[in-house]
Amino acid sequence: MEIYENILETLGNTPLVKLGRFHSGPATLAAKVEFFNPGGSVKDRIGIAMIEAGEKAGLLKPGGTIVEPTSGNTGVGLAMAANLKGYKLVCAAPDKIPKEKIALLEAMGATVLTCPTNVGADDPRSYYKVAERIRDEQGAYLPYQYYNQANPEAHYHSTGPEIWRQTAGKVTHWVAGVGTGGTISGAGKYLKEQNPAVQVIGVDTVGSVYKYYFEHRELPPAEQIHQYLIDGIGEDFMPATVWWDYLDGIVTIDDNTAYKATMDLARHESIFTGSSGGAAASGARQVAQSLGADGLVVTLFPDSGERYLSKLNRTWLKEKGLLDD
Ligand SMILES: Cc1ncc(COP(=O)(O)O)c(C=O)c1O
């Protein structure tokens, strides 16, 4: 019989798909399509991993509560594992979170607390501080994906080995978006351990801190940090989950390039990914364009564009000047 014990057993082993229409050149460009995961995103990999790390550290007791400041994919990943293991989940989310995302988290059994966006991260009303207060007052477990080493480690143990196996060890470049940095770092460490010549390149947004940090080893001046429209990558602070020792470079992608690539991927490759997938594909294509026939560039699409239909539609794209005639 081929029956899974539970849905999380279907986690990982996502398909690696060639992008032969998006990129035509001597080098090969391929993407791991993470919306094949059971909760629909790459974050399913770290949801279960961070919960098991909490159990091991004795921070999570049977029937206990998990609280995370998140507005999306990580919440779904945590909710799946929490349900199957009998934990309660509270997500502290910024109040700009779309209704669909609240509905998704609530459908998965999470309690969603919306917190004001227009206050600093250190304000007690911010979603970070609300999560910390619930941890302190209720003895809840706070996985904190930006600081939890189980996040990059999950990619070291799953995403990295999958890429190595799926490319038969022929991968030459690993190019992925940097949000918490977990994906690029964990898989990057694994791939470099197999072959130190593999180049590991992060994709950042214009307005975020990573490119500047890579070049200067310090945060950029405040005036260089600003908002952007790409979802899920780039940050305005430095998390503890970027393993800089394994990164060889960072490319930055602007909103226009990312959204255009997102729509091109849907129309030409029939892969509808979120804007962070469009950004990753754009960065990976830049890398692939400089390579010969031996180049094998692997990138990753974190989730599906269906999660962002309130943005990935003609009206919104036109309003933001992102619609390509
Ligand atoms: C949609 C989306 N894309 C990309 C990323 C980046 O992945 P990582 O956090 O592993 O760097 C995230 C993470 O927050 C995300 O939610």
Side-chain angles (χ1 to χ4, degrees), residues 12 14 31-35 37 39-47 49-50 68-78 91 93-94 97-98 100-101 104-105 127 143-160 163 174-190 200-205 208-211 213-214 228-244 246-247 250 253 258-259 261-262 265 272-284 299-309 311-312:
T14 50
K32 265 183 94 59
V33 184
E34 292 291 304
F35 56 69
N37 278 312
S41 92
V42 68
K43 295 289 178 178
D44 294 350
R45 296 178 187 268
I46 71 166
M50 293 194 300
E68 180 78 358
T70 175
S71 57
N73 291 335
T74 300
V76 176
L78 286 169
C91 294
I97 179 176
E100 290 81 357
K101 282 200 168 171
L104 175 61
L105 289 167
Y127 65 115
Y144 240 152
Q145 61 170 337
Y146 287 94
Y147 301 97
N148 195 327
Q149 297 306 307
N151 163 6
E153 281 162 12
H155 294 285
Y156 177 83
H157 291 296
S158 68
T159 319
I163 294 168
W174 163 231
V175 184
V178 187
T180 66
T183 308
I184 189 79
S185 303
K189 177 176 185 221
Y190 182 86
V200 176
I201 297 156
V203 178
D204 194 16
T205 56
S208 154
V209 299
Y210 293 128
K211 169 97 168 160
Y213 190 90
F214 180 79
Y228 44 84
L229 299 171
I230 302 168
D231 285 294
I233 60 171
E235 280 311 331
D236 56 3
F237 69 102
M238 187 53 58
T241 37
V242 189
W243 291 348
W244 288 103
Y246 301 99
L247 264 86
I250 298 269
I253 296 296
Y259 277 90
T262 304
L265 287 165
F272 188 31
T273 176
S275 56
S276 68
S282 305
T299 188
L300 180 141
F301 295 159
D303 61 2
S304 166
E306 287 189 35
R307 283 239 157 125
Y308 308 92
L309 283 176
K311 300 170 90 176
L312 290 171

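One-based numbering, in listed order, for ligands and for the atoms of each. Source: prediction; values computed, not measured.
Set against the non-hydrogen atoms of G181, the atoms of ligand 1 under 4.0 Å away are 8 (P), 9 (O), 11 (O). For ligand 1, the atoms closer than 4.0 angstrom to any heavy atom of P302 are 2 (C), 3 (N), 4 (C). Less than 4.0 angstrom separates some heavy atom of V178 from each of these atoms of ligand 1: 11 (O). Using a 4.0 Å cut-off to heavy atoms of Y308, the atoms of ligand 1 that qualify are 1 (C). The G177 neighbourhood of ligand 1 comprises atoms 11 (O), with distances under 4.0 Å to a heavy atom of that residue. Contact atoms of ligand 1 toward I233: 4 (C), 5 (C), 6 (C) (distance under 4.0 Å to a heavy atom of the residue). Heavy-atom contacts of K43 reach the following atoms of ligand 1: 7 (O), 8 (P), 9 (O), 10 (O), 12 (C), 13 (C), 14 (O) (cutoff under 4.0 Å).
Q149 places a side-chain N or O within donor-acceptor distance of the main-chain N or O of A240, the cut-off being under 3.5 Å. No side-chain donor-acceptor contact under 3.5 Å links T241 to the backbone of G182.
Nearest to atom 3 (N) of ligand 1 by heavy atom, out of S276, G232, A280, is S276. The heavy atom nearest to atom 7 (O) of ligand 1, out of those in T183, V42, N73, T159, is found in T183.
G72 does not count as a contact of ligand 1, since none of its heavy atoms falls under 4.0 Å from the ligand.
The CG atom of N37 lies 12.0 Å from the NZ atom of K43; values are rounded to the nearest 0.5 Å. Note that OH of Y246 is 8.0 Å distant from OH of Y156, once rounded to the nearest 0.5 Å.
Here the closest non-hydrogen pair linking I233 and A279 is CD1-CB, 3.8 Å.
In this structure, W244 and Y210 have tilted ring planes: the angle between them lies in the 30° to 60° band.
Using a cutoff of 4.0 Å between basic side-chain nitrogens and carboxylate oxygens, D231 and R307 are not scored as salt-bridged.
For atom 8 (P) of ligand 1, the closest non-hydrogen atom on the protein side is T180 OG1, 3.4 Å.
T74 and Q145 share a donor-acceptor pair across their side chains, judged by distance under 3.5 Å alone.
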